[in-house]
Amino acid sequence: MTTTETQYPENSITAFRTLISDMDLSNFTEPQLYDLGAVASESAEGLCRGLLCLSEGLESGELLPPEGVAQVSAYIKATAHVLPALFELSEKAGNALARS
């Protein structure tokens, strides 16, 4: 009898990142991979900049400093890219579960 240990991720962020990293992208064309990489990179950068700007604003008591408008705009734009992807992943997971 073989014993299999299940490893549980530290938190939901780790679990989500692991699930994404296990996705098979072998059916994507090279241009699709370039597009995916660019949108993911730009979205991550925008989210980080916006969150940092909001965090610094909260710490200083000034919610949105004038120089932070562009950063928060990038944050909102990145969120607009990431949310549909999350909904798509959720739908695909639900459909896969319904088939099983």
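D24 meets the side-chain hydrogen bond (donor to acceptor under 3.5 Å, both in side chains) test with S26; sequence neighbours excluded. Every residue meeting the side chain to side chain contact (heavy atoms under 4.5 Å, CB included) condition with I20, not counting sequence neighbours, appears here in chain and number order: F16, M23, L89. Listed by chain and number, the residues in a salt bridge (charged side-chain N to carboxylate O under 4.0 Å, His left out) with E45 are R49 (sequence neighbours excluded). Not counting sequence neighbours, S73 has no partner by the side chain to side chain contact (heavy atoms under 4.5 Å, CB included) test.
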Please list, one pair per line, the donor and acceptor atoms closer than 3.5 Å that link side chains of residues 31-39 to other protein atoms, with sequence neighbours excluded.
residue, atom, partner, partner atom, Å
Q32, OE1, T29, N, 2.8
Q32, OE1, T29, OG1, 3.2

